[in-house]
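Quick note: numbers below take in every heavy atom, side chains included, and nothing from hydrogens, waters or symmetry partners.
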Amino acid sequence: MARRKQSSHAWVFVIWGINGIAIISLLVVSAFYTTSLRASAAKGSNQTPRPGETRKIPPTSYFLPTLTPNPFYTPPVFETSTPFVLENGQRPTIIGFSLAGRPIETYTFGAGEKEYLIVAGIHGGYEGNTVALANELITYINAKPETIPTDVTLYIIRNMNPDGEARSHDVDGRVNNNGVDLNRNFPSGNWTADWDRNGCWIFRPTTGGAYPGSEPETRSVMSFIHSHRIEAMISYHSAALGIFPGGVPWEAASKRLASALGKVTGYPYPPIDTGCEYTGTLADWAVENGVGAAVDMELSTHKETDFDRNLKALKVLLGFMP
Ligand SMILES: [Zn+2]
């Protein structure tokens with residue numbers, strides 16, 4: 001009895017051993033089968049893609065849709081307070097965005113080797129007539145391209161502070177959305193966050209920025225100027241103080257440009273001295289960074305565009321050799 005018992009035990013182990021091996025190999029085979037099914041299914045769907053939906057993208061949309069939307073993405077605001085569209089003309093180049101995501105638009109005319117630049121609207125809606133002037137110039141040149149000499153390229157940044165312009169067309173529209181005076185935010189040699197307000201604009205609190213070049217609007221214009229070789233530029237302001245040459249102290253070529261512009265426009269040059277010290281201005285930074293000549297030029301009022309006077313100014317600018 002004892003022997004039979006022993007041998008039957010041995011058989012039980014052998015049989016369960018075979019069963020075990022069979023079960024394991026079945027599992028392995030079924031696992032392989034499932035994965036290969038999945039792979040072939042994926043292959044099949046790649047081979048027969050369904051056509052995508054046709055999608056109408058608005059002309060001002062510059063971002064293509066992504067497959068996986070980023071939950072932290074804030075869509076840019078594609079509008080300006082005074083939407084400007086050039087009928088039968090070019091679309092602007094976007095050189096950057098304001099704090100609120102408004103585009104900073106640049107129009108390019110001509111294709112010559114000598115590059116000139118006009119910047120308007122640095123003080124937003126408070127000096128909104130400079131933007132209106134830029135729009136008038138853009139419309140005029142588009143209709144009369146012969147205005148631009150063949151050896152010249154002209155860039156017009158029509159509204160450098162679109163948030164300020166959208167906010168209001170009075171004293172509240174001067175600064176950007178951080179409360180920064182953009183014409184005191186450029187990293188020129190004399191930049192300061194604060195300044196003596198004697199003789200300066202005092203109607204609202206404002207600063208030169210957290211640090212030089214802190215604002216996106218400033219950096220957009222800086223990188224634009226860095227990527228071009230600008231012979232001469234006008235930064236438009238209002239109102240009435242005249243023409244301020246760039247440079248600390250005023251640089252010779254900029255003084256020459258200011259004087260020539262003063263003669264044709266009648267705007268005061270030398271400018272009216274209110275005792276204000278200007279720091280971190282676009283014109284100062286520009287001449288310190290390779291622009292041949294630069295001026296801040298003020299229109300005669302906060303309302304009029306002085307178009308005829310500034311058409312003459314345009315001719316002086318485009319013929320100017322620094
Ligand atoms: Zn101004």
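- Between the side chain of Ser254 and the backbone N or O of Ala294, at least one donor-acceptor pair lies under 3.5 Å.
- Remark: the backbone N or O of Lys255 is not paired with any side-chain donor or acceptor of Ser259 at under 3.5 angstrom.
- Between Ala293 and Phe320 the shortest heavy-atom distance is CB-CE2, 3.6 Å.
- Side-chain N or O atoms of Arg167 include one that pairs as donor or acceptor with a backbone N or O of Asn176 at under 3.5 Å.
- Ring pair His123/His237 is perpendicular by interplanar angle, where above 60° counts as perpendicular and below 30° as parallel.
- Leu182 and Leu282 end up in the same hydrophobic cluster when Ile, Leu, Val, Met, Phe, Trp and Tyr side chains are linked at under 4.5 Å.
- Side-chain contact between Asn129 and Glu304: absent, with no pair of heavy atoms (C-beta onward) separated by less than 4.5 Å.
- Residues meeting the side chain to side chain donor-acceptor pair (under 3.5 Å) test with Asn289, sequence neighbours left out: none.
- Between Ile104 and Pro162, some side-chain heavy-atom pair lies under the 4.5 Å cut-off.
- Checked by atom type and distance alone, the side chain of Glu215 never pairs as donor or acceptor with a backbone atom of Asn178 at under 3.5 Å.
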Take Tyr236 and Asn310 through the side-chain hydrogen bond (donor to acceptor under 3.5 Å, both in side chains) test and state the conclusion after the steps. CA-CA 10 Å; Tyr236 271 108; Asn310 285 289; 2.7 Å; yes
Can Phe186 and Thr281 be said to form a side chain to side chain contact (heavy atoms under 4.5 Å, CB included), step by step? CA-CA 6 Å; Phe186 281 83; Thr281 70; over 6 Å; no
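- Residues Thr265 and Ile243 meet the side-chain proximity criterion, which asks for heavy atoms closer than 4.5 Å.
- At distances below 3.5 Å, not a single donor-acceptor pair connects side-chain atoms of Glu165 with backbone N or O atoms of Gly128.
- Annotation: side chain of Thr139 is in contact with side chain of Phe84 (closest heavy-atom distance under 4.5 Å).
- Around the CD atom of Gln90, the shell of radius 6.0 Å holds more than 12 heavy atoms that belong to other residues, nucleotides or ligands.
- Using modelled atom types, no side-chain atom of Asp284 and backbone atom of Gly189 make a donor-acceptor pair closer than 3.5 Å.
- A donor-acceptor pair under 3.5 Å links the side-chain atoms of Asp163 to the main chain of Ala100, judged by distance alone.
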Give the intermediate values and the outcome of side chain to side chain contact (heavy atoms under 4.5 Å, CB included) for residues Val85 and Arg91. CA-CA 8 Å; Val85 176; Arg91 301 291 307 162; 3.7 Å; yes
Evaluate Val180 against Thr207 for side chain to side chain contact (heavy atoms under 4.5 Å, CB included), listing each step before the verdict. CA-CA 5 Å; Val180 173; Thr207 78; 3.8 Å; yes
Begin with the C-alpha distance, continue with both residues' side-chain angles, and end with the deciding distance and a verdict on side chain to side chain contact (heavy atoms under 4.5 Å, CB included) for Lys315 and Val264. CA-CA 10 Å; Lys315 289 194 176 119; Val264 295; over 6 Å; no
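- Other residues, nucleotides and ligands contribute more than 12 heavy atoms inside 6.0 Å of the CZ atom of Arg204.
- Looking at heavy atoms from C-beta onward, Ile95 lies out of side-chain contact with Ser223 at the 4.5 angstrom threshold.
- A parallel orientation is assigned to the rings of Phe109 and Tyr107, their planes being inclined by less than 30° (bins at 30° and 60°).
- Judged purely by atom type and a 3.5 angstrom limit, Arg309 has no side-chain atom pairing as donor or acceptor with the backbone of Leu299.
- Cluster membership for Val175 and Trp195, using ILVMFWY side-chain heavy atoms within less than 4.5 angstrom, is not shared.
- In the hydrophobic clustering of ILVMFWY residues, with side-chain heavy atoms under 4.5 Å counting as a link, Ile234 and Tyr116 come out together.
- Heavy atoms of other residues, nucleotides or ligands lying less than 6.0 angstrom from CD of Glu87 number 12 at most.
- Contact record, Ala258 with Pro245: CB-CG, 3.9 Å, taken as the closest heavy-atom pair.
- Side-chain polar atoms of Asp306 and Tyr267 form a donor-acceptor pair below 3.5 angstrom.
- Using a 4.5 Å heavy-atom cutoff, the side chains of Thr206 and Arg184 are not in contact.
- Gly213 and Thr218 make their closest contact through CA-CG2, 4.1 Å (heavy atoms, listed as atom of the first residue, atom of the second, distance).
- Val295 and Ile230 sit in two unconnected hydrophobic clusters of ILVMFWY residues. Membership requires side-chain heavy atoms under 4.5 Å apart, directly or through other members.
- Using the six-membered ring where Trp is involved, Tyr269 and Trp250 have ring planes that are tilted, between 30° and 60° apart.
- Judged purely by atom type and a 3.5 angstrom limit, Glu298 uses its side chain to pair as donor or acceptor with the backbone of Leu241.
- Under a 3.5 Å cut-off, the side chain of Glu115 and the backbone N or O of Arg229 do form a donor-acceptor pair.
- Side-chain contact check for Ile141 versus Leu314: some heavy-atom pair is nearer than 4.5 Å.
- Note on ring orientation: taking the six-membered ring where Trp is involved, the planes of Tyr126 and Trp201 are perpendicular (angle over 60°, cut-offs 30° and 60°).
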Full working for salt bridge (charged side-chain N to carboxylate O under 4.0 Å, His left out) between Glu231 and Lys114: CA-CA 7 Å; Glu231 306 281 343; Lys114 287 195 283 178; over 6 Å; no
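- Considering only heavy atoms from C-beta on, Asn135 comes within 4.5 Å of Arg158 through its side chain.
- Ring pair Tyr155/His228 is tilted by interplanar angle, where 30° to 60° counts as tilted.
- Connection of Leu133 to Val119 is not established within any shared hydrophobic cluster, with ILVMFWY side chains joined at heavy-atom distances below 4.5 Å, either directly or through further cluster members.
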